[in-house]
> 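Attaching a single structure in structure tokens format; questions to follow.
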Amino acid sequence: MIWLVIKEIKIRLKYRFVWVNMALTPFFIIGPYVFSSKIAKVESLTESVLIGSLLWYWLNQYFFGVGDAFTEEREEGALISVVLSPVSLLSFLFSKAIDTFLMNLYITFFTLVFFWLSGIALRISLFMFMLLAASGLYITFFSIFFAALALWKRRIGSVNSTVQFFLGIVSGMVNPVENFPLYIKFISYAVPLTYLISMGRKFISGQINASEASKSFIALTLLGIGYLVVGVLFLKKAENELRKKGEWESW
């Protein structure tokens, strides 16, 4: 897995302007949400939108990096090499997740710097870093589930961007899920990002305690493991079907 991560980094080093793009793009994507919240002149609202949109952007990157991993390799002409290599498809997806985590740290650093220069600061502490690290793990599980679905039913991959924005809305990216109708809440609490955004907001507002944080992490862990288990089952099913039918080349 580590060598696959190194391969990804080496590819990016060949296209150095990509690093500039990664540093700037998140700021311009989530900036409109954050700057719009300043109209209310309530600092807590701005912080709430910033943490929500930032965590959503992490999901965005994982859905492209992990969820679209097979499509990306196909477009680069390397999918068959991945399939024929001794690395399992699950290990391959986890290598993509590690690479995405490292890139997200890079992206987050510059995004927060640009917001700070614009007069908007987010209080960063050890807990916030732990939350970002945890989000990487749980969103990885969720992304593996999506990647397995996309491998099994290839057309699902074509709606990746739409799914990302839908998940951002229902997870309370800019509007807390407490304000949603009951039928939407059922969907919201099935998305790991919902719990991560909620914990991040409660922390920066000083409303979280150890007991509440523990309950959220337990729920998040059970949900994340559930998505991982189902994702692995789908991944095996899709792989076996493709091998039996000899359709890797056509996929």
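FYI, side chains are in, hydrogens and waters are out, and symmetry mates aren't considered; it's all heavy atoms of this structure. Predicted model only: the values in this text are computed from it and were never measured.
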> Rounded to the nearest 0.5 Å, what separates atom CD1 in I225 from atom CG in L220?
10.0 Å
> In this structure, which one of K14, R16, M22 forms a side-chain contact (heavy atoms from CB on, under 4.5 Å) with V18?
M22
> Can a side-chain donor-acceptor contact be found between Y138 and T221 if the only test is distance below 3.5 angstrom?
yes
> Got V87 and W3 here, is their nearest side-chain heavy-atom distance under 4.5 Å?
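A side-chain contact under 4.5 Å is absent here.
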> Between E178 and K185, is there a side-chain N and carboxylate O pair less than 4.0 Å apart?
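No, no charged N to carboxylate O under 4.0 Å.
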> Is K96 paired with E73 through a side-chain N to carboxylate O contact shorter than 4.0 Å?
yes
> Can you confirm whether F64 sits close enough to N160 that some side-chain heavy atom of one is under 4.5 Å from a side-chain heavy atom of the other?
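With C-beta onward as the side chain, the pair touches.
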> Just how far is it from atom CD1 of I139 to atom CD of Q61, taken to the nearest 0.5 Å?
11.0 Å
> Do T108 and W58 pair up side chain to side chain, a donor and an acceptor below 3.5 Å, judged on atom types alone?
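Yes, W58 and T108 have a side-chain donor paired with an acceptor closer than 3.5 Å.
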> Measure from the ring center of F142 to the ring center of F146 and say whether it is less than 6.0 Å.
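Centroid distance F142-F146: not below 6.0 Å, so no.
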> Hey, are the side chains of Y195 and L223 touching, using non-hydrogen atoms and a 4.5 Å cut-off?
yes
> Is the shortest side-chain N to carboxylate O distance from R201 to E47 below 4.0 Å?
no
